[in-house]
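Data block below; observations after.
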Amino acid sequence: MSLLKLNRMQVASWNVNSVRTRLTHVTDWLQANPDVDVLCLQETKVVDADFPRAAFEGLDYHTYIYGQKAYNGVALLSKPPLEDVRMGFSAILEEEAVGDLDEQKRVISGVLNGVRILNLYVPNGSSIGSEKYDYKMSWLALLKQYLMKTLEETTKLNVCGDFNIAIENKDIYTDEKRDKHIMSSPLERETLQDLLTVGLSDAFRKFTDEGGHLSWCDYRAASFRRNMGWRIDHHYLTPELYKQAKRCWIDIEPRKLEKPSDHTPVIVEY
DNA sequence: ATGGCCTGTTACACAGGA
């Protein structure tokens, strides 16, 4: 690896909706995107013992996994080994504060070249006012504590993943008011905006103000064919990294494949 | 005319996603 390569990093985030079902999509994508240093996966949907490690290790990726049965699950795939890998909120927060919010496996992070890469699978929330919606809000409140604590020790933080929140109307295919929809309710948006006040900025919006960019499309209603998507997968950067950022883009190609994930990769380079 | 899914489970419908 050249020094030049060390100076530039690419980090990708992809909700694969089952790593086993999507295995060839992910390995093909890694091989087609050799400049990606770290791939952050969400919704792996598999216990650690059954995670298809060998497929990635065969391509010379280190695998760091934090999974559970059937639901959720996050993983980091990295060409160079990562340092100080942490799983769950309780890695740095008091158990009393975390409560049962680590039962669902949604948080994993590691350090590469002095940058902490935090991979998140934010709860979906189901529908406004539901029990799952309350869980989403509690989870996001704890995430804020987690971010503040993390920022006590590093100025280089890349928080990425499936946030299950579209922060602006232009991040949704329609201009229709979405106040009553999960992922775009005012409370969700305000909560995410408030989270970012810890000192994080949307890498994607450094490079374009355009609407019409989607990272997720519903499987139903031929949404992808009709370009009816949402931008809900994000890379948030601390000021030092944000200043360094060279590109941030969404790779729509995997969404076109047979039996695709409903999400598609988002990549940032800095 | 226009659309009605996908995944994992101990399944043969359901929960959960978004």
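A, B, ... follow the sequence lines: proteins, then strands. Residue 1 opens every chain.
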**Item:** Nearest-neighbour nucleotide for the Arg225(A) side chain, dC6(B), dG3(B), dA18(B) considered
**Value:** dG3(B)
**Request:** Salt-bridge test for Asp233(A) and Arg231(A): reply yes if a basic N is under 4.0 Å from a carboxylate O, no otherwise.
**Result:** no
**Request:** Could you check whether Asn15(A) gets within reach of a base, just the sugar-phosphate, or nothing at all, counting any heavy atom under 4.0 Å?
**Result:** sugar-phosphate
**Item:** Between C1' of dA18(B) and CG of Asp171(A), the distance in whole Å
**Value:** 15 Å
**Request:** Would you kindly give the NZ-to-P distance between Lys132(A) and dG16(B), to the nearest whole Å?
**Result:** 4 Å
**Request:** Rounded off to whole Å, could you give me the NZ-to-C1' distance for the Lys259(A) and dC5(B) pair?
**Result:** 11 Å
**Message:** Quick check on DNA chain B: between Ala221(A) and Arg20(A), whose nearest nucleotide comes earlier from the 5' end?
**Reply:** Ala221(A)
**Request:** Check whether any side-chain N or O of His263(A) sits under 4.0 Å from OP1 or OP2 of dG17(B), and answer yes or no.
**Result:** no
**Prompt:** Quick one: on DNA chain B, does Ile232(A) or Asn17(A) contact a more 5' nucleotide (nearest heavy atom)?
**Reply:** Asn17(A)
**Message:** Among dA18(B), dG3(B), dT7(B), which nucleotide has an atom closest to any side-chain atom of Arg226(A)?
**Reply:** dG3(B)
**Message:** Over all strands shown, is Trp230(A) touching base, sugar-phosphate only, or nothing at heavy-atom distances under 4.0 angstrom?
**Reply:** nothing
**Prompt:** What interatomic distance, in whole Å, is found between C1' of dG4(B) and the corresponding atom of dG17(B)?
**Reply:** 16 Å
**Message:** Whole angstroms only, please: what is the OH-P distance between Tyr173(A) and dA18(B)?
**Reply:** 16 Å
**Request:** Please measure how far the C1' atom in dA18(B) lies from the corresponding atom in dC6(B), and state the result in whole Å.
**Result:** 12 Å
**Request:** Classify the nucleic acid contact of Asn72(A) as base, sugar-phosphate or nothing, counting any heavy atom under 4.0 Å across all strands shown.
**Result:** nothing
**Fill in**
Picking from dG17(B), dA18(B), dT9(B), the nucleotide nearest the side-chain atoms of Ala70(A) would be dT9(B)
**Asked** Heavy atoms under 4.0 Å, any strand shown: does Asn124(A) hit a base, just sugar-phosphate, or nothing?
**Response** base
**Request:** Please name the pair of heavy atoms, one in Arg106(A) and one in Trp139(A), separated by the smallest distance, quoted to 0.1 Å.
**Result:** CD-NE1, 3.5 Å
**Request:** For dA18(B), take OP1 and OP2 only and decide whether either is under 4.0 Å from a side-chain N or O of Asn164(A).
**Result:** yes
**Request:** Answer yes or no: is there an ion pair linking Asp194(A) with Lys144(A), defined by an N-O contact shorter than 4.0 Å?
**Result:** yes
**Message:** So, using ring-ring contact (aromatic ring centres under 6.0 Å, His included) as the criterion, who are the partners of Tyr270(A) when residues are at least two apart?
**Reply:** none
**Asked** Whole-Å distance between dG17(B) P and Asp262(A) CG?
**Response** 12 Å
**Request:** Return the value, rounded to whole Å, for the distance between atom OH of Tyr121(A) and atom C1' of dG17(B).
**Result:** 6 Å
**Message:** If I pick the C1' atom on dG16(B) and the same atom on dA11(B), what distance separates them, to the nearest angstrom?
**Reply:** 15 Å
**Request:** Quick one: label Arg106(A) by what it contacts on the DNA or RNA (base, sugar-phosphate, nothing), any heavy atom closer than 4.0 Å.
**Result:** sugar-phosphate
**Asked** Looking only at atom P, what distance separates dA15(B) and dT10(B), rounded to whole Å?
**Response** 14 Å
**Fill in**
Whole-Å distance, Tyr71(A) OH to dA11(B) C1', equals 12 Å
**Item:** dT9(B) versus dG3(B) - spacing of their P atoms, nearest Å
**Value:** 33 Å
**Request:** Report the residue from Ile232(A), Asn17(A), Val16(A) that forms a side-chain contact (heavy atoms from CB on, under 4.5 Å) with His263(A).
**Result:** Ile232(A)
**Fill in**
Met228(A) atom CE is separated from dG3(B) atom C1', nearest whole Å, by 9 Å
**Message:** Check for me whether Lys206(A) meets the cation-pi criterion with Tyr242(A), that is, NZ or CZ under 6.0 Å from the six-membered ring centre and within 45 degrees of the ring axis.
**Reply:** yes
**Message:** Is Thr21(A) close enough to dG8(B) that one of its side-chain N or O atoms is under 4.0 Å from OP1 or OP2 there?
**Reply:** yes
**Item:** N/O donor-acceptor pair under 3.5 Å between Thr191(A) side chain and Leu187(A) backbone
**Value:** yes
**Asked** So what does Arg22(A) touch, heavy atoms closer than 4.0 Å: a base, only the sugar-phosphate, or nothing?
**Response** sugar-phosphate
